[in-house]
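In what follows, a single structure is set out as structure tokens and then discussed.
Each chain gets a letter, A, B and so on, in the order the sequences are listed, and its residues count up from 1. Because the structure is predicted, anything quoted here is derived from the model rather than measured.
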4 protein chains.
Amino acid sequence: MAAGAPEAAAAGEIVITMLPAGPQVRQVYLGPDGIIARARPGALLIDCSTIDVETARAVAASAADSGFEMLDAPVSGGVIGAEAGTLTFMVGGEASAFSRGESILQAMGKTIVHAGPAGNGQTAKICNNMILGASMIAVCEGFALAEKLGLPAQTLFDIASKSTSQCWAMTSYCPVPGPVPAAPSNRGYAPGFTAAMMLKDLRLAQQAAGATAAATPLGAAAANLYQMFVDGGDGQLDFSGIMRFLRRQSLA
Amino acid sequence: MAAGAPEAAAAGEIVITMLPAGPQVRQVYLGPDGIIARARPGALLIDCSTIDVETARAVAASAADSGFEMLDAPVSGGVIGAEAGTLTFMVGGEASAFSRGESILQAMGKTIVHAGPAGNGQTAKICNNMILGASMIAVCEGFALAEKLGLPAQTLFDIASKSTSQCWAMTSYCPVPGPVPAAPSNRGYAPGFTAAMMLKDLRLAQQAAGATAAATPLGAAAANLYQMFVDGGDGQLDFSGIMRFLRRQSLA
Amino acid sequence: MAAGAPEAAAAGEIVITMLPAGPQVRQVYLGPDGIIARARPGALLIDCSTIDVETARAVAASAADSGFEMLDAPVSGGVIGAEAGTLTFMVGGEASAFSRGESILQAMGKTIVHAGPAGNGQTAKICNNMILGASMIAVCEGFALAEKLGLPAQTLFDIASKSTSQCWAMTSYCPVPGPVPAAPSNRGYAPGFTAAMMLKDLRLAQQAAGATAAATPLGAAAANLYQMFVDGGDGQLDFSGIMRFLRRQSLA
Amino acid sequence: MAAGAPEAAAAGEIVITMLPAGPQVRQVYLGPDGIIARARPGALLIDCSTIDVETARAVAASAADSGFEMLDAPVSGGVIGAEAGTLTFMVGGEASAFSRGESILQAMGKTIVHAGPAGNGQTAKICNNMILGASMIAVCEGFALAEKLGLPAQTLFDIASKSTSQCWAMTSYCPVPGPVPAAPSNRGYAPGFTAAMMLKDLRLAQQAAGATAAATPLGAAAANLYQMFVDGGDGQLDFSGIMRFLRRQSLA
């Protein structure tokens with residue numbers, strides 16, 4: 001994936017960027033020597049960064065003011081998804097822009113979904129990941145409680161994975177070793193999708209919730225638990241590693 | 001399902017009870033004129049109540065002391081499951097008892113799973129439902145945040161239901177009307193599985209967490225949110241109706 | 001208090017503003033026709049708004065670049081404090097600026113405290129109010145639990161107000177009617193300090209916590225509970241009125 | 001304080017016990033060779049244990065059935081209070097029993113308060129300590145956020161301790177070293193009142209909240225944070241040491 005330097009903007013018809021956070025996106029796109037100032041007329045701008053919705057919409061509006069179509073296209077799937085070619089791009093922007101960009105995104109990911117106008121790619125991602133983060137912690141709590149009560153993890157998994165508590169966090173990334181062989185829990189919580197990245201997305205969700213007055217009590221609780229987990233030095237573990245934090249003991 | 005009166009205990013070889021809470025189970029089984037005192041020797045005792053793990057284990061131990069095999073077999077699936085014949089029984093007790101009771105439970109439910117020794121049926125159910133309750137609230141928060149940010153519920157559903165936040169609460173009981181036609185949200189949150197029943201199970205999970213020193217921060221938060229929802233007079237709505245509480249406004 | 005129109009800036013040596021939120025402060029101070037552009041050289045700028053720390057620091061830096069000293073001086077105490085002349089100003093800015101502004105602030109409030117350089121006034125206020133918001137809810141929970149267990153509110157107050165759970169929220173703004181005659185709970189939760197204002201401050205605290213990666217689990221929970229309380233239409237009640245939300249029933 | 005062996009019951013007119021938890025209190029009082037069976041007629045029974053309200057009331061009722069007056073008189077104040085002679089006894093039981101027991105309790109503590117009938121001593125203590133536990137965490141969060149934003153702890157203390165966030169947890173047990181010289185934070189969080197004891201009381205409060213259907217969202221969150229702190233091996237630190245857990249770094 002191109003680094004998104006302004007030079008690229010002048011050279012091609014599609015500019016793709018992936019940057020750490022909103023301020024960098026503002027700078028790279030809106031700066032005096034930035035992409036919007038220097039891109040070739042008619043270029044399609046695709047920002048694959050995961051950033052706050054407000055910035056995504058502001059930059060897209062600036063792009064439109066200068067005659068550019070732009071997509072916000074954050075990606076999900078983590079390292080496993082990248083290696084397996086199963087990344088999902090959640091894309092915001094006009095339909096015409098999506099049509100232009102879809103094929104190039106298909107070359108990079110397995111699933112490309114159009115979530116609506118500018119910013120909706122970011123919105124879809126943070127809503128998805130807020131649910132995911134809370135689900136993962138809930139799954140960890142369920143397995144931790146089961147263990148305390150003498151119910152083996154495999155037994156709970158066999159029951160719950162076919163019942164009403166089934167969720168991706170349980171059936172694909174099961175936070176206790178054993179039930180799901182491919183899950184990070186079986187390799188010492190090597191990511192996968194790091195806790196630090198999950199924390200970033202949960203914080204973006206909280207930022208959006210604050211800005212729009214949305215009540216998200218479990219999303220907020222999840223953000224704080226991941227904050228403490230990351231503060232403790234475990235940010236580079238897979239996000240399912242929060243099992244260790246909730247139990248504060250290693251699982252056999 | 002039989003009412004579990006002591007008369008039934010004397011009459012048949014299998015006694016099935018379903019009672020509101022632990023104290024009633026203690027009374028009906030352990031009372032001076034109770035099932036253990038009056039059941040025919042060799043009878044299999046099956047308690048389908050959803051009660052606290054400690055009581056389930058204490059009553060099963062008393063039964064064993066008197067020479068009876070006993071199963072704790074709480075059921076999940078709610079009204080929809082009962083009507084559709086898709087109830088799940090999560091069963092605790094000795095393997096020999098499970099073998100004896102499995103066929104009669106199969107007559108009542110679709111899935112009958114053996115979770116291990118006495119009390120493990122209850123444990124499986126409360127762990128499952130604790131994850132479920134927290135997942136449901138997380139899903140509600142995700143859809144509420146999406147709406148505030150201008151992402152339609154159907155769009156979020158189309159993306160999230162195939163992504164990492166997929167969970168039963170979303171894909172089978174979607175708390176916003178529309179995406180899942182059979183979900184209670186499309187009929188004014190008529191249950192389904194009532195919020196009052198979910199609260200009961202979340203409280204049992206908290207009781208077990210307290211007794212075993214398990215950390216369950218999201219489970220505890222979910223219990224309190226359902227408490228406030230039920231206190232507000234909405235206990236007979238489906239548990240997905242907590243969407244209304246989180247938004248405090250009706251969805252169109 | 002002056003409205004802070006740019007005209008005032010040109011007219012006097014001290015400009016005082018009080019605005020709803022950060023964007024307005026940016027606009028009024030930094031706009032092309034704003035205070036920094038038009039104030040008389042040497043004027044002291046005092047912003048009494050309660051806004052985010054980041055904006056307070058950015059505007060103060062711009063003021064300094066243009067040669068102005070500036071204070072952020074949010075006020076606490078609510079309607080009761082204003083009527084009783086007991087408002088507290090928490091002030092950020094250089095010591096020299098504080099010296100210049102102290103006397104005018106003393107004319108408006110009872111307690112004027114210098115919290116350090118620019119932004120520290122805002123920081124002091126949101127940290128104070130985050131603790132306050134969580135304390136108030138904790139006090140409500142304590143009284144609600146006591147009532148359920150048959151301990152009268154007055155008895156709990158008599159004990160707790162002299163014990164380790166003593167706090168201002170209990171002893172000055174007791175959320176149950178009776179123990180503290182001057183408290184809003186005795187007049188139907190007429191403010192006082194509205195729940196909507198508390199929510200604003202809790203959201204500012206969450207914004208700052210997100211920006212600085214601080215873990216604030218109870219602060220976040222308090223923000224969400226106030227969000228739901230305000231969403232339910234009770235934003236104009238005193239913030240101690242959240243007692244009603246936690247109980248969902250009126251206290252006799 | 002006497003150990004409460006049955007021998008003591010026969011020997012004196014006042015029996016005082018202090019035991020770890022409800023089951024031991026049941027055993028020592030209600031067992032076949034227990035206090036109620038063996039105490040001298042007319043003896044006053046005083047249980048200074050901190051236990052669940054339900055057990056306290058059940059044991060007191062059994063005592064009354066056998067003609068004994070009984071007080072539940074849990075104590076608060078911790079090691080510091082014991083050394084300084086400032087312990088508080090919160091006492092439940094009939095007025096006549098309180099009159100008989102007051103003088104002996106005065107010999108052990110500074111403040112003796114009558115909270116009403118049987119169980120109200122326990123109720124007062126757990127409500128007080130639930131508020132205290134949540135307050136302490138809220139104070140920690142406030143100081144942690146202040147530090148991240150560059151506001152020194154001493155400055156926040158100087159302001160907040162005289163403002164609306166003032167509470168005993170801040171002004172007597174300030175969780176950051178410095179502002180309150182006698183606080184445990186200045187001696188490496190040597191107790192004081194241990195985190196393990198606070199956790200016990202928070203769990204008792206949760207048990208009572210579950211049994212009476214009281215919503216206590218912050219109380220529940222506090223219980224879980226202390227659970228994780230204690231699980232991490234820090235149960236013997238003072239309860240203000242949860243500052244370390246929230247920051248996951250040592251304060252200078």
Exercise. By ring-ring contact (aromatic ring centres under 6.0 Å, His included), which residues pair with D:Phe245, not counting sequence neighbours?
Worked result: A:Phe245
Exercise. Above 12 or not: heavy atoms from other molecules or residues under 6.0 Å from CD of D:Gln27?
Worked result: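 Open.
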Exercise. When you look at CD of D:Glu54, are more than 12 heavy atoms from neighbouring residues, nucleotides or ligands closer to it than 6.0 Å?
Worked result: no
Exercise. For D:Asp234, what residues pass the side chain to side chain donor-acceptor pair (under 3.5 Å) criterion, not counting sequence neighbours?
Worked result: none
For this session: Can you check whether anything in residues 155-172 of chain D gets within less than 4.5 Å of chain A, heavy-atom wise, and list it by number?
Result: none
Problem set entry | Side-chain (D:Asp52) to main-chain (D:Thr55) donor-acceptor, under 3.5 angstrom |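 Yes: the side chain of D:Asp52 pairs with the backbone of D:Thr55.
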Exercise. Quick one: salt bridge (charged side-chain N to carboxylate O under 4.0 Å, His left out) pairs with a partner in residues 164-174 of chain A, sequence neighbours left out?
Worked result: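 Applying salt bridge (charged side-chain N to carboxylate O under 4.0 Å, His left out) to every pair that reaches into residues 164-174 of chain A, excluding sequence neighbours, yields nothing.
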